[in-house]
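Quick caveat: nothing in here was measured; it's all calculated off a predicted structure. For the numbers below, each heavy atom of this structure counts, side chains included, while hydrogens, waters and symmetry mates do not. So that the names make sense, note that chain A is the first sequence line, chain B the second, and so on, each numbered from 1.
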Amino acid sequence: MDYNFGEIEKRWQQYWIDHQTYKVSEEKSKPKFYVLDMFPYPSGAGLHVGHPLGYIASDIYSRFKRLQGFNVLHPMGYDAYGLPAEQYAIQTGQHPAITTQNNITRYREQLDKIGFSYDWSREVRTCDPAYYKWTQWAFIRMFHSYYCNQARQARPIDELTAVFSRQGTTGLDIACSEPMTFTAEEWNARTEKEQQEILMNYRIAYLGDTMVNWCPQLGTVLANDEVSEGLSIRGGYPVVQKKMRQWCLRVSAYAQRLLDGLNIIDWTDSLKETQRNWIGRSEGAVMHFATTQGISFDIFTTRADTIFGVTFMVLAPESELVEQLTTAAQHQVVQEYIEKTKKKTERERLADKSVTGVFSGSYATHPFTGEPLPIWISDYVLAGYGTGAIMAVPAHDSRDYAFARHFQLPVVPLIEGCDVSEESFDAKEGVMVNSGFLNGMTVKQAIPAAIDEVEKRGLGYRKINFRLRDAIFSRQRYWGEPFPVYYKDTMPYTLSEEELPLELPEVDKFLPTETGEPPLGRARNWHTKEGYPLELNTMPGFAGSSAYYLRYMDPANNDALVSEDANSYWRNVDLYMGGTEHATGHLVYSRFWNKFLFDIGVSCEEEPFKKLVNQGMIQGRSNFVYRLKGTNRFVSFNLKNGYDVTPIHVDVNMVHNDLLDIEAFRRWNPEYKTAEFILEDGKYVCGWAVEKMSKSMFNVVNPDDIVEKYGADTLRLYEMFLGPLEQSKPWDTNGIDGVHRFLRKVWNLFYKEGVWAVTKEVPTKEELKSLHKLIKKVTFDIENFSFNTAVSAFMICVNELTALQCRERTILNDLVVCLAPFAPHIAEELWQALGHGTSVCDAAWPQWNEEHLQEDVFPYAISFNGKSRFILEFSAEATNEEIEKTVMEHPHSQKWIDGKTPKKVIIVPKKIVNIVV
RNA sequence: GCUCGGAUGGUGGAAUGGUAGACACGCAAGACUUAAAAUCUUGUGACCAUAACGGUUGUGCGGGUUCAAGUCCCGCUCCGAGUACCA
């Protein structure tokens with residue numbers, strides 16, 4: 001009987017379905033373990049061989065944990081809302097729901113072939129009304145919440161209105177868009193609408209007039225993490241800044257908690273660092289300045305120590321202060337400058353490094369020296385950070401320096417011995433000069449001293465600023481979750497929770513309306529029962545993916561996002577597997593969303609993902625043929641020098657070990673039907689390069705083809721064997737034979753010449769040693785996600801057992817269990833053959849026994865002056881004296897000792913003897 | 001610019017400060033075969049040398065710590081990723 005992987009895999013996949021092997025429920029008596037993959041967006045291209053890498057790794061881990069006795073939750077679903085399906089709908093008219101369903105079906109087929117241990121009964125789809133009901137529900141709860149800085153948590157907005165009517169804003173410290181102060185009397189005197197407008201300043205989900213990233217080609221706004229270098233991540237279209245009224249989430253309120261939480265989770269340092277940078281906490285001071293006309297404004301600085309080096313002030317062009325501070329004489333030029341900057345796209349603004357700006361006409365008074373400081377307007381100052389205004393210290397800030405040089409403004413150096421004739425001195429080191437009361441202090445002393453003085457004189461206060469912005473939550477698109485919001489007298493109100501889900505309506509076209517409204521403007525009857533119009537925007541992609549891990553715990557619950565019971569059992573994700581591309585998007589929003597749910601008592605853990613492992617990207621490995629220019633002749637790779645050739649991408653599926661299948665190539669394209677070849681050793685060798693995996697490079701490898709040719713178990717093992725999990729690497733089908741050969745060797749331990757060959761003899765010492773070495777290594781490697789070395793350990797063990805002609809049942813039993821997480825199908829087949837009536841998934845992970853690993857003799861590397869020369873073996877009982885004596889008397893040693901008396905002899909037990917001559 | 005990674009044979013990659021190159025691919029030789037494929041066996045960092053033994057050198061570059069460094073420390077070079085007028 002040969003290893004017939006095709007038949008074996010099909011049969012066991014059916015068995016798992018029939019026996020619901022991977023279905024889990026809350027078993028209170030067993031410890032839980034939650035293993036989660038980042039759910040995919042089902043794209044039209046289907047899965048390529050790079051996609052399953054993380055899924056295979058997490059599946060191995062899940063199966064391992066299950067064998068160790070954990071109750072493992074390992075679900076899968078689809079992030080089903082997204083731009084490509086909508087773009088496709090615009091082009092073809094096909095409803096995105098249909099496209100999405102087709103793609104999901106295709107994904108599922110592909111995933112099923114690889115043999116994952118998902119509990120598909122818990123599948124979620126973000127576009128399913130039963131699912132997005134809870135996305136809408138969370139939004140409603142955010143709308144009706146504010147963030148209390150003192151309690152460090154979200155609170156019901158009703159509490160806030162109660163306080164307002166009792167004491168106004170006195171004594172409150174709340175996260176808000178704009179600082180406001182009013183008394184109880186003032187609040188109570190407001191109309192309902194005015195009160196609603198004020199509350200918008202505090203709600204966690206609020207409507208705000210903000211500068212947004214507007215992408216004209218996509219016709220929608222984008223979040224910061226959806227834009228890179230002024231271009232949209234999806235599609236690469238230019239993005240411009242525009243002020244719009246949008247739904248926002250007050251993520252910034254959670255900035256400190258998002259930062260603190262990083263200390264209690266087990267993520268890689270680089271990923272935590274990326275998040276820290278994105279949150280961007282900086283400690284400094286807000287300082288009050290006033291113009292000579294008495295108009296006061298605030299700036300933010302982290303370098304209060306440089307206050308005596310301020311020679312001018314700068315406002316962002318979008319700042320509201322610009323209008324107040326521009327004098328009549330300068331009005332014209334300022335207006336022109338602002339118009340000009342507005343027209344620039346974000347990309348142009350980034351690319352254009354030239355210094356631009358205009359003088360506002362006003363002067364501010366230096367708070368310490370009383371000197372007048374000209375106030376300029378320039379686009380190098382950002383409206384969205386700090387207060388949108390800065391004090392410029394050209395001597396110690398390179399941007400201020402460039403500006404000062406360009407407009408011939410004075411530069412006052414403040415640090416002893418620094419040279420600012422060519423460039424600014426930005427480093428926070430040195431001793432202060434020209435700085436009044438700060439003179440003689442180091443910069444590190446001067447920063448707090450300056451802020452102390454500023455506070456003492458009432459000129460400002462300490463402030464911690466965050467770079468993290470609130471998330472813009474509206475999208476002018478069709479294929480997303482509708483907001484459970486209607487408008488009455490232009491103010492938004494939420495639907496009641498009983499009215500959820502608010503289902504996505506049908507539209508005749510997926511384009512904006514003629515009047516420029518979002519596609520939902522085309523929907524008929526898009527209003528409440530009372531006739532109030534419903535919100536026309538939809539939610540962004542990250543809405544549905546922010547709490548999906550909670551929904552898996554209790555996917556069919558129609559009364560709650562997740563029951564308290566299910567949540568208190570599964571708690572949070574123990575292992576989260578996914579790509580780094582979500583570092584500043586999903587992984588920030590999801591943590592924020594969970595913290596909010598934690599505050600309102602829905603999630604029992606403050607952090608959603610305890611441990612996170614990033615699998616590397618799998619790149620493509622393209623192959624090339626070399627066509628002689630102007631001919632239909634192709635020259636083999638190593639002969640191409642001396643010819644004038646054009647490299648042409650060739651489909652990697654026609655190439656094996658870089659050798660071209662010439663017949664397949666001729667069939668590939670009529671143009672090549674009559675192609676001639678200049679061969680080396682009768683073969684055509686292709687060139688290769690690492691590139692992105694894409695259709696146009698003909699380097700896409702489909703997992704289905706690999707499964708067809710080698711089997712799912714080979715694919716799983718090979719993906720792990722390719723290299724360290726977290727590292728990016730090219731897919732290279734060369735080498736898969738080695739892994740496939742390994743599985744056949746495993747098979748041949750059980751079947752010799754087609755006959756079942758397992759015996760019940762007593763295992764030998766060597767056999768036990770080989771097995772226990774494997775158990776120890778594999779256990780250790782899985783726990784450390786070092787799957788490539790685990791696969792190597794299997795190969796070594798099987799080679800050893802083959803050499804020992806091991807056919808012993810108990811040894812093979814444990815071998816099969818160890819192999820089960822990696823290659824589940826062959827493991828099931830062999831487990832069955834060994835006479836077990838149940839699935840190998842219900843076996844117990846074997847323990848290694850150190851006794852079996854004991855060596856009789858240990859190799860010692862004998863080295864002289866640290867350079868090893870030869871190996872000697874000694875028994876475990878040998879004393880240092882015996883070892884030293886034997887080594888010294890060994891004929892090889894005499895050459896190195898050369899009659900001298902060794903200065904020192906170092907003996908490291910079981911490892912090395914070093915003799916210093 | 002800043003932050004975080006990384007650099008080891010022809011290739012992918014192994015090495016708790018202790019025999020560098022495990023394992024695999026590729027390549028070479030051999031066995032089986034009419035032949036090829038498949039399979040199996042052996043060899044395979046480089047250099048020198050040999051009938052054989054053996055020797056030298058070697059983990060991006062330059063220093064240092066140590067009996068001993070791919071591994072730790074200091075200073076560079078190059079490559080990758082993230083991020084950026086964030087005051």
Side-chain angles (χ1 to χ4, degrees), chain A residues 228-229 268-278 280-282 284 299-304 306 314 316 349-350 352-353 355 378-382 384-393 396-400 402-403 426 465-469 580-581 583-584 614 616-617 621 657-658 688 718 721-724 726-739 741-742 744-745 748 780 786 788-797 799 802 859-872 892 895 902-917:
Chain A
S228 177
E229 294 180 356
T268 59
D269 289 341
S270 74
L271 187 56
K272 286 188 191 182
E273 197 58 31
T274 304
Q275 288 217 341
R276 283 194 190 102
N277 290 340
W278 189 259
R281 180 189 152 109
S282 59
I299 60 99
F300 175 76
T301 183
T302 55
R303 291 296 301 273
T306 60
V314 190
R349 204 162 144 172
L350 285 171
D352 187 7
K353 296 281 180 203
V355 177
S378 173
D379 66 0
Y380 85 88
V381 173
L382 303 177
Y385 185 76
T387 61
I390 61 154
M391 62 179 211
V393 186
H396 302 292
D397 183 284
S398 50
R399 299 153 300 178
D400 297 344
F403 194 82
D426 292 14
N465 227 339
F466 292 95
R467 203 184 75 103
L468 184 69
R469 304 261 67 87
T580 30
E581 66 271 22
T584 53
N614 292 121
M617 286 260 285
R621 186 180 187 277
N657 288 337
D658 289 337
W688 61 275
Y718 188 56
F721 187 66
L722 217 47
E726 306 196 30
Q727 187 179 303
S728 286
K729 57 236 165 195
W731 174 267
D732 179 1
T733 310
N734 297 345
I736 197 167
D737 292 328
V739 171
R741 206 169 289 151
F742 157 74
R744 285 219 298 273
K745 284 185 197 170
N748 289 334
F780 190 77
S786 181
N788 55 331
T789 52
V791 177
S792 293
F794 278 113
M795 290 176 173
I796 294 168
C797 178
N799 283 343
T802 305
Y860 282 67
I862 314 301
S863 63
F864 297 88
N865 298 329
K867 190 81 205 168
S868 65
R869 305 295 173 177
F870 60 99
I871 309 292
L872 282 181
H892 281 12
K895 190 158 54 179
K903 288 186 196 136
K904 210 181 206 178
V905 177
I906 289 128
I907 299 177
V908 179
K910 301 170 188 177
K911 280 193 173 151
I912 201 152
V913 179
N914 191 22
I915 297 148
V916 186
V917 186

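When rounded to the nearest whole Å, the span between CZ of Arg621(A) and P of rG13(B) equals 12 Å. At whole-Å resolution of the value, CE in Met617(A) and P in rG82(B) are 9 Å apart. Atom CD1 in Ile907(A) sits about 17 Å away from atom P in rC67(B), given to the nearest Å. In this structure, Arg281(A) atom CZ and rA87(B) atom P are separated by 13 Å, rounded to whole Å. When the C1' atom of rA81(B) is taken as reference, atom CD of Glu726(A) falls 14 Å away, rounded to whole Å. Atom CD1 in Ile390(A) sits about 11 Å away from atom P in rA87(B), given to the nearest Å. Rounded to whole Å, the distance from NE2 on His892(A) to C1' on rG55(B) is 12 Å. Taking atom CZ on Arg744(A) and atom P on rA38(B), their separation rounds to 10 Å, with Å as the unit.
rG9(B) adopts a syn glycosidic conformation, its chi angle falling within 90° of 0.
Annotation: the span from Phe742(A) atom CZ to Met795(A) atom CE amounts to 6.5 Å, rounded to 0.5 Å. Atom NE2 of His396(A) is separated from atom OG1 of Thr306(A) by 7.0 Å, given to the nearest 0.5 angstrom. Expressed to the nearest 0.5 Å, how far CD of Glu726(A) lies from OG1 of Thr268(A) amounts to 6.5 Å. Note that CG of Asn465(A) and CZ of Arg281(A) are 10.5 Å apart. Values are rounded to the nearest 0.5 Å.
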### Query
Which dot-bracket string describes RNA chain B (Watson-Crick N1-N3 plus N6-O4 or O6-N4, or G-U N1-O2 and O6-N3, all under 3.5 Å; [ ] crossing; | other strand)?
(((((((..(((.....[....)))((((((.......))))))((((.....))))..(((((..]....))))))))))))....

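For Ser868(A), whose side chain is taken as the heavy atoms from C-beta onward, the closest listed nucleotide among rU3(B), rC86(B), rU19(B) is rU19(B).
For Arg469(A), there are no salt bridge (Lys or Arg N to Asp or Glu O under 4.0 Å) partners two or more places apart in sequence or in a different chain. In this structure Arg741(A) satisfies the salt bridge (Lys or Arg N to Asp or Glu O under 4.0 Å) test with no other residue, sequence neighbours excluded. Residues satisfying the salt bridge (Lys or Arg N to Asp or Glu O under 4.0 Å) criterion with Glu273(A), sequence neighbours excluded, are Arg276(A). Listed by chain and residue number, Phe874(A) satisfy the ring pair (Phe, Tyr, Trp, His ring centres under 6.0 Å) test with Tyr860(A) (two or more places apart in sequence, or in another chain).
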### Per-nucleotide protein contact string for nucleotides 21-30 of chain B (B base, S sugar-phosphate only, - none; heavy atom under 4.0 Å)
-BBSSS----

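Look at the P atom in both rG64(B) and rG82(B): the space between them is 38 Å, to the nearest Å. Comparing the C1' positions of rG62(B) and rA14(B) gives an interatomic distance of 28 Å, to the nearest angstrom. Comparing the P positions of rU44(B) and rG75(B) gives an interatomic distance of 42 Å, to the nearest angstrom. Here, rA31(B) and rC79(B) have their P atoms 50 Å apart, quoted to the whole Å.
Using a 4.0 Å heavy-atom distance criterion, Val916(A) is classed as a sugar-phosphate-only contact. Counting any heavy atom pair closer than 4.0 Å across all strands shown, Pro724(A) reaches sugar-phosphate atoms only and no base atom. At the heavy-atom level, Arg276(A) lies nowhere under 4.0 Å from the strands shown.
Between Arg869(A) and rU19(B) there is no side-chain polar atom (N or O) within less than 4.0 angstrom of OP1 or OP2. Residue Lys729(A) places no side-chain N or O under 4.0 Å from the OP1 or OP2 atom of rG12(B). Note on Gln727(A): a side-chain N or O is less than 4.0 Å away from OP1 or OP2 of rG13(B). The side chain of Tyr860(A) contributes no N or O atom lying less than 4.0 Å from OP1 or OP2 of rU19(B).
Thr580(A) and Asn614(A) share no side-chain donor-acceptor pair at under 3.5 Å.
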